[in-house]
Amino acid sequence: MSKSIVAGVLVLLIIGGAAGYFLCTSYLPGTVILRITDPPGGGQSQYPSSITSISITYTSIDIQASGSVNSSNAGWHTLVASGTIDLLTVVNGRQQTLGSARLPTGRYNLIRMVAGAAIVTINGAPRSYVIPSGRIQVLITGGGFQITDQQTVNVLLTLSFNSSEILAMGPNLNPVVKAEVV
């Protein structure tokens, strides 16, 4: 075999290997683990003893890649398909893992929980409240996070409601929400 053919084959192997390495390390997914707590900090419960449950049933919890158009479904990735959380199970600094997902490398900055209602039990009687817009949406503090290949990122969602708003028995509940990388 001539030296030029061997050199050409070696060049192709080197270029192919470098391209393969770049593609693998640039596009391998990372993992996001989503946890929830209510309220922030570890003090006394912010809810009076007459409130014994605050349950939110959601159809999905999604995260959006930075730079995507917020009004469409572009750039959204599902973290958790569906579930129910009783916020009183995660008060006083306790946390619960809602789920995790593998995501492509990139920057992520926004979380939304698709949930139209909450059921609050007050003095043993359940009462339905509407969550305005049918979703809870929050920017991740610090402008979000960058996920790289095979990296794991932990995000803590802090979600609470104003107890005076609950006890006023109005139709709506407005969440107090924060998301941060921990």
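Note that the numbering runs from 1 along the sequence shown for the chain.
Linking ILVMFWY residues whenever their side-chain heavy atoms come closer than 4.5 Å, directly or via other members, leaves I85 and I33 in distinct clusters. When hydrophobic clusters are built by joining Ile, Leu, Val, Met, Phe, Trp and Tyr residues whose side-chain heavy atoms come closer than 4.5 Å, directly or via intermediates, Y108 is grouped together with V138. Transitive grouping of hydrophobic side chains (ILVMFWY, heavy atoms separated by less than 4.5 Å) brings I61 and L103 into a common cluster.
Between N154 and the options Q95, E180, R35, a side chain to side chain donor-acceptor pair (under 3.5 Å) holds for only R35.
Note: I111 CD1 to Q64 CD = 11.5 Å, rounded to the nearest 0.5 Å. Taking CD of Q150 as the start and CG of L28 as the end, the distance is 5.0 Å to the nearest 0.5 Å. We find the OG1-CD1 distance between T121 and I54 to be 9.5 Å, quoted to the nearest 0.5 Å.
The salt bridge (charged side-chain N to carboxylate O under 4.0 Å, His left out) contacts involving residues 114-134 comprise nothing, where partners must be two or more places apart or lie in separate chains.
Considering only residues two or more places apart in sequence or on other chains, Q151 meets the side chain to side chain donor-acceptor pair (under 3.5 Å) condition with T148. When the side chain to side chain donor-acceptor pair (under 3.5 Å) test is applied to S53, the partners found at least two apart in sequence or on another chain are S55, D86. Residues passing the salt bridge (Lys or Arg N to Asp or Glu O under 4.0 Å) test with E165: none are found, sequence neighbours excluded. In this view, S164 and N162 satisfy the side chain to side chain donor-acceptor pair (under 3.5 Å) rule, not counting sequence neighbours. Residues meeting the side chain to side chain donor-acceptor pair (under 3.5 Å) test with D62, sequence neighbours left out: S60, T78, R112.
Between I51 and V120, some side-chain heavy-atom pair lies under the 4.5 Å cut-off.
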